[in-house]
Amino acid sequence: MSRPRVHVKELPGLEKADHGVVMRFAPNPSGPLHLGHARAAVLNDAYVKRYGGKYILRIEDTDPKRVDPEAYGMVIRDIEWLGITVHEVVYQSDRFDRYYRYGKELIERGGAYVCTCENEQFRQLKQKKTACPCRSLSVEENLSLFDKMLAGEFYEGEASVRVRTDLDHPDPAMRDFPAFRILHQPLHPRIDAVVYPLMNFTVAVDDHLLGVTHVIRGKDHIANTRRQRYIFDYFGWDVPVYRHYGRMGIEGVVLSTSQMRQGIASGEYEGWDDIRLGTLRALARRGISPEAVRQAVLDIGIGETDISFSWDNLYAQNRMIVDPVANRYFFVPHPVGAEIRDAPHHVARALLHPNEPERGTRVLPFTGTVLLPRQELEKHPSLIRLKDLFNVKVSYDEQGYLFTYAGDQLSEAREAKAPIIQWLPADCALPCVLRTPEGDVEGVCETGVMREAGSVLQFERVGFARIDDTSGDRITAYFTHR
RNA sequence: GCUGCUAUAGUGUAGUCCGGCCAAUCAUUUCGGCCUUUCACGCCGAAGACUGGGGUUCGAAUCCCCAUAGCAGCACCA
């Protein structure tokens, strides 16, 4: 009896978490979620579940250039697929008034100023640790400039709000970073605005306003954490506890949203769930369960080391989940017809699951001719056993193969070390294409597979597969893993 | 270039803060064997790592220094 044994690996504890935590996952709605997002989404969820508290899904849609209206729904759906418990959903585009209000207050506190320098000019001054002329404007002047921005009196690029940090900061990335910008194009799908708050500003304001206690995100945000710290300090807010995990490389799969979008547009990919992509929906289509993704990601943890994601480890997790539930069927790749001479008619009964006989059997009537995997014959065996049927002697003459019935005894096949292979009756085999990232494999499968639409099964001696479509004139299956 | 972070087997991970119980954990992987009418699952066994060099110490994977490598940031993106 096989049962999924789950290795619960304890994540490292979080400081200041004993009275519960408030955490958030903050994706940008530019496309569906992928493996990289899953890490952040799941890790935060795991801590909220461990310590108790609140999980906020914050949609960070403050850059209209990177908003795909359809992605709002995709993100929600993908999060649900992952089985994450979301307690609150926040759209930043609903909160622009708040950002303006706090922007104004930051200016009043002397923590920000309106800069009307040309972009390139500012960049050069910044490199030289020199203040730009705007930096010395009075609070009143800045407030009035900010009002002008909001009133639409500036064109794109003509004005921005910068946070006053430290021009001598050894890291140029820290020096007077921007908090608001002006944008006329493209239009935001959800709101009408020309002054757009920037990520570091909205994140700081929202993390505080929403009561976020702990932030877990990639180390590409380390600099942002330091920048946001300035804003927290100006307002006198307590900062959350931060953890930055290392970069995760994923082999052999496209992760960049823009690349995926381009590939879909050009017809190279079938869609967001094309199995060559690293999206969660692509994994789902292939038959990877959300629990496996969750386990794999938890296993990786929050280490600061850069790692490379291992498909092997994911597959192992998935196999553990899927093996006990997947029904077994025969799939014969590249079928070759074989008439078995001198064989009695017989009805074979094969177990749906070898470890669970009570699930029942598949019925395979043998009436003389079977389909066999070409690859198996190319090994030139002298004796084979058709699984759950009988033994067959294989000989060769100038015409080709000759198949002769060679008795029912399993023990004889064992003794002869004959391979036990899958087969199908020639007159009840359905065309089936097994799609893999490396290409399609044509073959035939049992008629019983029709019942398995949408579920993951195991093609014996081939591997696990998810039955994607049974409606056409042939069945489409996606290879999951061995 | 500047700033910062990291460095344990093929992969992921524990141990590192508070040096000895570490001839280094667990999982995966690979290879044997058992079980089995699947090359699945299960069981047994084996293989495989502390980046390098100095130093402190009776003792270092753990502390210090240097080197090397990788990564991140240096956007009016998130």
Side-chain angles (χ1 to χ4, degrees), chain A residues 1-5 7 9-10 12 26-30 60-63 65-67 92 115 117-119 122-123 126-127 156-162 169-175 177-183 195-200 202-203 217-227 244 246-249 251 257 295-301 303-317 319-320 322-324 326 328-330 348 350-351 353-356 385-391 408 410-411 413-414 418-422 458-464 482:
Chain A
M1 213 37 190
S2 64
R3 53 176 46 252
R5 56 197 160 89
H7 303 275
K9 221 202 74 190
E10 191 83 346
N28 164 253
S30 59
E60 304 208 328
D61 55 349
T62 55
D63 179 6
K65 291 177 182 167
R66 301 200 358 167
V67 169
Q92 289 195 314
C115 174
C117 292
E118 206 175 296
N119 199 4
F122 181 86
R123 207 181 62 82
K126 182 173 79 172
Q127 290 300 332
E156 204 161 311
E158 284 184 342
S160 62
V161 175
R162 296 187 171 281
H169 195 108
D171 185 351
M174 288 307 122
R175 300 173 198 156
F177 63 87
F180 291 89
R181 63 168 166 173
I182 289 174
L183 219 54
V195 177
Y196 283 88
L198 269 342
M199 177 255 191
N200 279 301
T202 61
V203 166
R217 55 181 178 181
K219 74 177 185 186
D220 46 322
H221 285 293
I222 288 178
N224 291 322
T225 297
R226 281 197 275 267
R227 284 193 269 235
H244 300 98
R247 187 184 184 281
M248 183 167 86
E251 214 175 86
T257 303
Q295 271 310 315
V297 159
L298 288 179
D299 193 47
I300 286 166
E304 292 174 66
T305 322
D306 301 327
I307 57 151
S308 60
F309 180 85
S310 160
W311 291 100
D312 267 350
N313 290 349
L314 207 217
Y315 293 161
Q317 294 290 352
R319 194 176 293 118
M320 217 145 71
V322 121
D323 184 84
R328 268 57 172 176
Y329 292 94
F330 287 155
L351 291 171
H353 192 106
N355 301 340
E356 259 176 76
R385 179 171 179 89
L386 307 187
K387 187 167 180 287
D388 301 301
L389 192 62
F390 48 57
N391 305 332
D408 293 337
L410 175 63
S411 53
R414 280 262 163 79
I420 299 170
I421 68 175
Q422 78 275 33
Q458 189 200 51
F459 284 138
E460 296 197 46
R461 309 201 334 125
V462 174
F464 294 92
R482 283 201 65 89

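Note on naming: letters A, B, ... go to the chains in the order of the sequence lines (proteins, then strands), and numbering restarts at 1 for each one. Computed from heavy atoms alone, side chains included, the values below leave out hydrogens, waters and symmetry copies.
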Q: Scan nucleotides 9-17 of chain B nucleotide by nucleotide, 5' to 3', and note B when protein non-hydrogen atoms come under 4.0 Å of the base, S if they reach only the sugar-phosphate, - if neither.
A: --BSS----
Q | 5'-to-3' dot-bracket of RNA chain B (Watson-Crick, G-U; under 3.5 angstrom; crossing pairs as [ ]; | other strand) | A | (((((((..(((.......[.....)))((((((.......))))))...(((((..]....))))))))))))....
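Of the residues near RNA chain B, A:Ile420 and A:Met199, the one whose nearest nucleotide (by heavy atom distance) lies more toward the 5' end is A:Ile420.
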Q: Check the pair A:Thr305 / A:Arg247 against side-chain hydrogen bond (donor to acceptor under 3.5 Å, both in side chains), numbers first and verdict last.
A: CA-CA 7 Å; A:Thr305 322; A:Arg247 187 184 184 281; over 6 Å; no
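Note on A:Lys126: only backbone sugar-phosphate atoms sit closer than 4.0 angstrom, heavy atoms only; bases stay farther off. The residue A:Pro354 sits close to a base: some heavy atom pair falls under 4.0 Å. At the heavy-atom level, A:Asp63 lies under 4.0 Å from the strands shown only through sugar-phosphate atoms. Using a 4.0 Å heavy-atom cutoff across all strands shown, A:Arg175 reaches no nucleic acid atom at all.
Straight-line distance between the C1' atoms of B:U13 and B:C18: roughly 22 Å, to the nearest whole Å. Atom name P, nucleotides B:C65 and B:C41: the rounded distance is 48 Å, in whole Å. If you take atom P in B:C63 and the same atom in B:G15, they sit 13 Å apart, rounded to whole Å. Atom C1' of B:C39 sits at a distance of 15 Å from the matching atom of B:C31, rounded to the whole Å.
Residue A:Arg319 has no polar side-chain atom (N or O) positioned under 4.0 Å from OP1 or OP2 of B:G42.
One can place CZ of A:Arg385 at 17 Å from C1' of B:C39, the figure rounded to the nearest angstrom.
Of all nucleotides listed (B:G73, B:U28, B:A40), B:G73 comes nearest to the side chain of A:Arg227. When distances are taken from the side chain of A:Arg247 to each of B:A72, B:A40, B:C76, the shortest belongs to B:A72.
In summary, A:Glu304 and A:Lys219 do not engage in a salt bridge, as defined by a charged side-chain N under 4.0 Å from a carboxylate O.
Geometrically, A:Arg226 does not engage A:Phe177 in a cation-pi contact defined by less than 6.0 Å to the ring centre and at most 45° from the axis.
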